[in-house]
Trainee: 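The structure follows.
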2 protein chains.
Amino acid sequence: MRLEDVAKRAKVSIATVSRVVNSVGPVKNSTRARVLKAITELKYHPNIHARSLAGGKSRTLGMIVSNLENPFFLDIFRALESDAHRRGYEVLVANTDYRARQLVSSVHLMMGRRLAGLAVIVSEMEPSLIQELTESNLPIVFYDVGTPARNISNIKVRYEKGMQRVVEYLYSVGHRRMAFVGHHISLEPLLDRKKSFLDTMKRYAGEVEHATVADCDGPVGGQQATRQLLASGFKPTAIICVNDFMALGVVRELREHGLEVPRDVSVTGYDNISLSEYAFPPLTTVNIPREMIGHLAFSALVPEHEDAQVRGREFLIDPELVIRESTGPPPKN
Amino acid sequence: MRLEDVAKRAKVSIATVSRVVNSVGPVKNSTRARVLKAITELKYHPNIHARSLAGGKSRTLGMIVSNLENPFFLDIFRALESDAHRRGYEVLVANTDYRARQLVSSVHLMMGRRLAGLAVIVSEMEPSLIQELTESNLPIVFYDVGTPARNISNIKVRYEKGMQRVVEYLYSVGHRRMAFVGHHISLEPLLDRKKSFLDTMKRYAGEVEHATVADCDGPVGGQQATRQLLASGFKPTAIICVNDFMALGVVRELREHGLEVPRDVSVTGYDNISLSEYAFPPLTTVNIPREMIGHLAFSALVPEHEDAQVRGREFLIDPELVIRESTGPPPKN
DNA sequence: TTGAAAGCGGTACCAA
DNA sequence: TTGGTACCGCTTTCAA
């Protein structure tokens with residue numbers, strides 16, 4: 001089914017059908033009706049490729065994330081997609097599993113699609129790729145990396161603020177031995193998160209003992225990391241996780257070792273994903289407003305009005321501590 | 001950047017560049033090298049739209065799911081995508097949130113993309129849409145609905161088998177008051193799941209009291225449903241959930257009411273998503289092999305060899321009971 | 001208010 | 001081994 005088939009059936013030219021399909025230009029009512037009828041009868045669906053090739057533009061946005069399995073990313077995606085749909089855009093997602101090579105190929109595939117904009121919410125960005133993207137003409141929004149430019153916007157969360165709040169809180173209730181559980185430490189932004197922890201620890205130098213471990217993202221990673229930690233002999237009274245998703249596994253593994261949370265060990269997450277509330281015990285965490293991030297991303301990619309231009313902006317977000325039941329004072333002994 | 005730019009730079013025709021890009025046809029080594037060089041220098045990325053328009057085919061698969069948030073669907077997607085990547089295909093996902101209208105529009109968008117194949121893993125299928133899809137030429141694989149046809153394959157899980165196993169098991173350890181928690185009962189396949197429960201109950205007619213409730217999918221839905229259930233006055237000793245994702249909320253709400261799992265109430269999930277193991281207590285559930293489903297879906301859409309044809313097939317899966325710690329004998333009194 | 005026709009950036013066939 | 005070129009299905013002037 002092509003425009004031509006519809007045109008024949010409605011006895012008009014393909015130009016007219018195109019006008020009807022896109023609701024542009026003048027079309028006599030009776031003609032429009034005939035065309036619409038033909039479209040339904042023939043079950044015509046415009047070829048999206050021909051369309052964006054001819055039109056030179058598309059109403060498709062792209063989004064690349066590191067780990068769709070982690071609800072953190074999914075929440076951002078859903079907010080972005082909902083804005084997009086409201087404005088007649090679609091969103092294509094790509095998942096990298098924290099692999100830099102996969103990111104490169106995803107980016108290139110996205111570029112081949114001639115998108116209207118691209119959101120890159122990943123931790124494995126390499127400078128050369130940022131460079132390439134900056135030189136392109138595609139409107140882009142980065143999360144946590146890069147700097148604003150003509151076509152580049154940035155959304156940043158002051159991760160270290162949240163980390164400080166977590167540590168201050170744990171310290172205030174009496175913890176003096178803390179451990180940090182991270183993942184993919186080889187990646188800059190994730191290394192920065194670990195550094196946030198270490199920097200915060202410096203304030204308590206001499207007072208608080210600490211350690212760090214890392215594995216892969218997710219419950220399995222949290223579990224493995226905890227196993228390593230306990231095997232190392234260090235006995236933290238509080239474990240600070242880089243995100244909620246890993247914390248799920250940490251709690252599980254502690255329980256396996258007969259340690260109760262928070263009686264024996266306190267555990268904190270980060271992100272405040274919905275699951276953190278459904279975990280047992282519900283996790284103390286730091287809220288990162290994922291919906292807002294999704295909305296900001298959309299606004300950074302698509303101009304308010306059809307004619308307007310996007311221009312690089314920077315958004316800074318301060319995360320907040322959310323105290324639930326996975327933390328408490330350390331055991332007495 | 002277009003083929004023409006590369007061609008000019010390498011001083012060859014666009015036909016030659018096309019050959020190099022696609023590694024087809026004979027090209028002298030020295031020429032290929034020149035072209036490759038030009039491609040890198042110009043950062044050329046083929047326009048996917050032009051490509052699939054001209055080629056008439058695409059190496060893109062589509063997948064439509066009801067709820068990406070539920071890890072069940074994500075697991076299938078990941079398996080499908082991994083096969084796809086291995087064979088040089090990409091996968092586009094669309095999410096419907098169980099909305100039939102959204103499904104229709106997603107399907108139409110997918111049709112406009114002239115995909116190589118489409119996996120439809122949703123519960124909100126309407127007969128007319130199945131009909132339309134069956135009449136199309138697109139290779140399609142359905143989960144849980146439809147019947148095989150020329151271009152249609154089906155993957156079905158004998159849901160009722162799993163349900164029987166769950167109920168038999170609960171009965172055997174002594175439960176005589178059971179409740180079923182479902183969602184979106186207005187949708188055929190989900191109503192069928194509830195019916196599986198009711199049918200199984202018939203075997204125990206007179207012996208086992210039962211009730212059913214429903215809300216939306218996910219922890220929140222499970223929580224709400226449980227609230228309704230408890231408010232109704234019915235006091236089940238076991239709650240059977242339509243899936244693990246809802247069970248998470250059920251356990252949470254029971255705890256809120258001072259009921260301990262499994263001491264006071266046993267809870268079962270369904271699907272065996274990874275989270276079911278990380279929940280507390282780890283959920284007794286029914287395993288649905290999501291990876292296998294993803295792989296089957298791929299094999300149903302893409303023929304083994306380039307020249308082969310796909311043809312409709314049917315796959316039947318028998319789910320297995322997985323007993324963990326969220327179930328046990330009912331309280332004595 | 002409508003139609004004709006020139007692209008959009010590729011693919012693939014046919015000639016050279 | 002290479003180049004020329006007729007499409008692919010649609011958008012968008014420009015004329016009628």
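Below, chain A is the first sequence line, B the second, and so on; all start at residue 1.
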Trainee: Are Phe298(A) and Arg87(A) packed together at the side-chain level, in the sense that at least one heavy-atom pair is separated by less than 4.5 angstrom?
Mentor: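 A side-chain contact exists here, since the closest heavy-atom pair is under 4.5 Å.
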Trainee: With respect to the side chain of Arg19(B), which nucleotide from dT11(C), dC10(D), dG3(D) is positioned closest?
Mentor: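 Closest of the options to the side chain of Arg19(B): dG3(D).
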Trainee: Do you know the tightest heavy-atom contact between Asn154(B) and Val145(B)?
Mentor: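 Minimum heavy-atom separation between Asn154(B) and Val145(B): ND2-O, 2.6 Å.
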Trainee: Return the value, rounded to whole Å, for the distance between atom CD1 of Ile14(A) and atom C1' of dG9(D).
Mentor: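 Between C1' of dG9(D) and CD1 of Ile14(A): 8 Å.
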Trainee: Check the side chains of Asp217(B) and Tyr98(B) for a donor-acceptor pair under 3.5 angstrom, ignoring hydrogens and angles.
Mentor: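 A pair is found: one side chain offers a donor N or O, the other an acceptor, under 3.5 Å apart.
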Trainee: For Ser106(B) and Gln102(B), test the side chains for any donor-to-acceptor distance below 3.5 angstrom and give the result as yes or no.
Mentor: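 Checked: Ser106(B)/Gln102(B) side chains pair up, N/O donor to acceptor below 3.5 Å.
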Trainee: Once you apply a heavy-atom cut-off of 4.0 Å, does Val12(A) come out as touching a base, just sugar-phosphate, or nothing?
Mentor: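 Here Val12(A) touches the backbone only, sparing every base.
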Trainee: Under a 3.5 Å cutoff, is there a donor and acceptor pairing between the side chains of Ser82(B) and Arg86(B)?
Mentor: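 Judged by distance alone, the side chains do pair up.
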Trainee: Is Arg150(B) reaching over with its side chain to a backbone N or O of Thr134(B), donor-acceptor style, under 3.5 angstrom?
Mentor: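 Flag set: sc Arg150(B) to bb Thr134(B) pair under 3.5 Å.
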Trainee: Just how far, in rounded Å, is C1' of dT2(D) from NZ of Lys11(B)?
Mentor: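 After rounding, the gap between these two atoms is 16 Å.
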Trainee: Looking at Glu126(A) and Arg101(A), does any basic side-chain N land under 4.0 Å from a carboxylate oxygen?
Mentor: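 Salt bridge between Glu126(A) and Arg101(A), a charged N being under 4.0 Å from a carboxylate O: no.
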Trainee: Are side-chain heavy atoms of Ile121(A) and Asp144(A) found at a separation under 4.5 Å?
Mentor: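 The answer is no, as the side chains (C-beta and beyond) never meet within the 4.5 Å cut-off.
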Trainee: Under a 4.0 Å threshold between the charged nitrogen and the carboxylate oxygen, would Asp97(B) count as salt-bridged to Arg78(A)?
Mentor: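 Salt bridge: yes.
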Trainee: May I ask you to decide whether Arg9(A) forms a salt bridge with Glu41(A), counting only side-chain N to carboxylate O separations under 4.0 Å?
Mentor: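 Salt bridge present between Arg9(A) and Glu41(A).
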Trainee: Calculate the interatomic distance between Leu3(B) atom CG and dT11(C) atom C1'; express it in whole Å.
Mentor: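 Whole-Å distance recorded here is 9 Å.
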Trainee: Answer with base, sugar-phosphate or nothing: what part of the nucleic acid does Val21(A) contact at a heavy-atom distance below 4.0 Å?
Mentor: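 Counting heavy atoms under 4.0 Å across all strands, no contact is made by Val21(A).
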Trainee: Is there a donor and acceptor pair closer than 3.5 Å between the side chain of Arg114(B) and the base of dG9(D)?
Mentor: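 A donor-acceptor contact between them is absent.
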Trainee: Indicate yes or no: does Lys8(A) engage Asp5(A) in a salt bridge with an N to O separation below 4.0 Å.
Mentor: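 Here Lys8(A) does not pair with Asp5(A) in a salt bridge, since their nearest N and O are not under 4.0 Å apart.
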Trainee: Should Ser13(B) be listed as having a side-chain N or O under 4.0 Å from OP1 or OP2 of dG4(D)?
Mentor: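 The answer is no; no side-chain N or O of Ser13(B) sits under 4.0 Å from OP1 or OP2.
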Trainee: Calculate the interatomic distance between Lys8(A) atom NZ and dG9(D) atom P; express it in whole Å.
Mentor: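 Taking atom P of dG9(D) as the reference, NZ of Lys8(A) is at 12 Å.
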Trainee: Is Thr16(B) close enough to dG3(D) that one of its side-chain N or O atoms is under 4.0 Å from OP1 or OP2 there?
Mentor: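 Checking dG3(D) against Thr16(B), a side-chain N or O does come within under 4.0 Å of OP1 or OP2.
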Trainee: Let me know the distance between CD of Glu4(B) and C1' of dG3(D), rounded to the nearest Å.
Mentor: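 About 14 Å, once rounded to whole Å.
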Trainee: Using a distance-only test with no angle check, is there a side-chain donor-acceptor pair under 3.5 angstrom linking Glu124(B) and Thr96(B)?
Mentor: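 Glu124(B) vs Thr96(B): donor-acceptor pair found between side chains.
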Trainee: Which angle, to the nearest 10 degrees, lies between the helix axes at the two ends of the helix from dT1(C)-dA16(D) to dA16(C)-dT1(D), each defined by five pairs?
Mentor: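 Computed from the C1' atoms at both ends, the axes differ by 40°.
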Trainee: I need the residues from residues 43-58 of chain B with at least one non-hydrogen atom less than 4.0 Å from DNA chain D; give them sorted by number, or say none.
Mentor: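 By residue number: Leu53(B), Ala54(B).
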Trainee: What's the CG-P distance between Asn22(B) and dC13(C), to the nearest Å?
Mentor: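 Between P of dC13(C) and CG of Asn22(B): 13 Å.
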Trainee: Indicate, with a heavy-atom threshold strictly under 4.0 Å, whether Ser18(A) touches base, sugar-phosphate, or nothing.
Mentor: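 Answer is base: heavy atoms of Ser18(A) come under 4.0 Å of a base.
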Trainee: What parts of residues 27-35 of chain B reach DNA chain D, counting only heavy atoms under 4.0 Å away?
Mentor: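 Close to the strand are Val27(B), Lys28(B), Thr31(B).
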